[in-house]
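Below: one structure, written as structure tokens.
Hydrogens, waters and symmetry mates are skipped; everything else that's a heavy atom, side chains included, is used. Quick caveat, the model's predicted, so the values are computed rather than measured. By convention in this document, chain letters (A, B, ...) are assigned in the order of the sequence lines, proteins followed by strands, and residues within each chain are numbered from 1.
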Number of protein chains: 2
Amino acid sequence: MATSDPVYLRVVEDIRRQINDGTLLPGAPIPSRAQLTRKYQVGETAARHALRVLAAEGLIIGRVGSGHYVREQPELSPLHRWRFLDHPAPFAADLQSQGRRVTWDWHSEPAEAGPDIARRLRVDESVTVSRTRYVFRGDGKPLQLATSYEPIEFAAHSEDERRSLVTRMSAHGIKITEIVESVRTRVPRPTESDALDLPAGVHVLHVERTHWAGDRPVETSDIVIPGDRFQVVYSMPM
Amino acid sequence: MATSDPVYLRVVEDIRRQINDGTLLPGAPIPSRAQLTRKYQVGETAARHALRVLAAEGLIIGRVGSGHYVREQPELSPLHRWRFLDHPAPFAADLQSQGRRVTWDWHSEPAEAGPDIARRLRVDESVTVSRTRYVFRGDGKPLQLATSYEPIEFAAHSEDERRSLVTRMSAHGIKITEIVESVRTRVPRPTESDALDLPAGVHVLHVERTHWAGDRPVETSDIVIPGDRFQVVYSMPM
DNA sequence: ATCGCAAAGTTGGTACTCCAACACTCGGCG
DNA sequence: CGCCGAGTGTTGGAGTACCAACTTTGCGAT
């Protein structure tokens, strides 16, 4: 029955097995297209397809002019979402605690809410909110994108920005009572691939976070994280 | 500058744009390979490659003999991780609350811990632990896989199984004090693709959960969730 | 009007080919 | 001894072609 399987799958499965069981260690070269065609007695199309599938799975990486290599599986750095609740940039705090030199740019501007943000902030679609975009970098390399939305009356002025959201809100007499985050995975948008310098085939974790004051949302943000480098950690005391 | 871009990307971007801005609605047919070659004046390779890329992104789906269609983006159902803490199967409880008829199979057996579980349960690699595999189904279709590991002395006997972990543990005088979950995204293993009936290109969310009693881990599990159908929601009171 | 079947269209697998851009190696020249 | 450059190998883009398996459609027979 396995005889009717596509030929390229035979190659994929054989190489995958060798990577999984450690026969091929990270960094090890994969046979080239030409070598695969000879070794497995398949056409170039099959060899090529096999390599592309393995690359899409993130198991190997192709370098033009050089060859395909077993991909070094980068450690998944944990982002502890609750550990730095009251911090101007909780993302950065967690990254710093891993010993990275974290820098970030941000830019704030008014923007129309639009359907998605309108729903999340419980305002009208045409309402103008304050949108702040962040780019976080570790040792110069981009690590995370975040876009935060707040009702314009609470918006941070430049001097305020160093203070955390919780502090800023309490200045308006608003007490944050709950933070809700939902995590999903998806394909990066082209701009995100660009900004985060993502290899092909890497998904992102998209965290949608909302700060609540009672039953009223006061801030919501989208946090986009390279799925091959980070995992998101939540801990809940009983 | 964009003139030197690969040809197939022109096709990909044009179709992607049409899907994003609603020109092509979910379910709408994508031009066939032959039609694309004519429409965009490209070779069959480029047309084919464009379709494969879009399919890998989950934007379209190919049906043999019929054509490619804009994929119905399934609603992302939320899984509220903290809402059903003390329940035999919190996964199932959350799914049920969405009005699904949830059933599950499980099978328990002793197994050697191995390096990963040994680290997570703080036991020796060669120690035997109790491993329970779950398959959750909603209206018959597989929704989630979970594998739970416990030290063998706490292991559930069949009658116990209906009781939650928290209840079972307290019978042993153990009080769960904390639950830690870390969420990551990755390509499904072949067995997972099979068991969850995942279309090509869909990633999974992998939740690694550990129940702690003080500084001692008493249970750890891996929960595998189709990334195209679920998002995981955490809420934290301040 | 309905049923069944054949023809046409479509995907996905496979093979072969050509080429540009790039990496690597090795030998020869300064 | 060191450096440069040519030759060789590799990836990734692109084209063409053939075929099996499948779906859809439409026509002809009942």
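Taking atom OH of residue A:Tyr69 and atom P of nucleotide D:dT10, one finds them 10 Å apart after rounding to whole Å. In this structure, B:Arg48 atom CZ and C:dG13 atom C1' are separated by 7 Å, rounded to whole Å. In this entry the distance linking CD1 of A:Ile61 with C1' of D:dG12 reads 14 Å, nearest Å. The nearest whole Å value for the distance from the CD atom in B:Glu44 to the P atom in C:dT17 is 19 Å. As a whole-Å value, the separation of A:Leu54 CG from D:dG12 P is 12 Å. Between the P atom of D:dT10 and the CG atom of A:Leu36 lies a distance of 10 Å, rounded to the nearest Å. For the pair B:Tyr40 OH and D:dG15 P, the computed distance is 15 Å after rounding to whole Å. Across the protein-nucleic acid pair, A:Asp5 atom CG and C:dG12 atom C1' stand 14 Å apart, rounded to whole Å.
Comparing B:Leu51 and A:Leu9 along DNA chain C, the residue whose closest nucleotide (by nearest heavy atom) sits nearer the 5' end is B:Leu51.
Separating the CD1 atom in A:Ile225 from the CG atom in A:Leu143 is a distance of 10.5 Å, to the nearest 0.5 Å. Atom-to-atom distance recorded for B:Asp116:CG and B:Glu208:CD is 6.5 Å, nearest 0.5 angstrom.
Ring geometry for A:Tyr8 against A:His49 counts as tilted: the plane angle lies between 30° and 60°, on a 0 to 90° scale.
For B:Gln35, whose side chain is taken as the heavy atoms from C-beta onward, the closest listed nucleotide among D:dA14, C:dC22, C:dT10 is C:dT10. Considering only the side chain of B:Ser66, D:dT24 comes nearest among D:dT24, C:dC22, D:dC22. When the nucleotides C:dA15, D:dG12, C:dT10 are ranked by their closest atom to the side chain of A:His68, D:dG12 comes out on top.
Using a 4.0 Å heavy-atom criterion, one finds that B:Thr45 contacts the bases of the nucleic acid, with or without backbone contacts as well. Base contact: A:Arg33 has a heavy atom under 4.0 Å from a base atom. Within the nucleic acid shown, B:Gly43 comes within 4.0 Å of sugar-phosphate atoms alone, with no base atom in reach, counting heavy atoms only.
B:Val70 pairs with exactly one of B:Ile19, B:Leu59, B:Ile61 by the side chain to side chain contact (heavy atoms under 4.5 Å, CB included) rule, that one being B:Ile19.
No donor-acceptor contact under 3.5 Å links the side chain of A:Arg63 to the base of D:dG12.
Regarding contacts with the backbone of D:dG12, every side-chain N or O of B:His49 stays at 4.0 angstrom or more from both OP1 and OP2. Listed pair A:Tyr8 / C:dG13 meets the phosphate criterion, a side-chain N or O lying under 4.0 Å from OP1 or OP2.
Using a distance-only test at 3.5 Å, with no hydrogens or angles considered, no donor-acceptor pair links the side chain of B:Glu13 to the main chain of B:Arg10.
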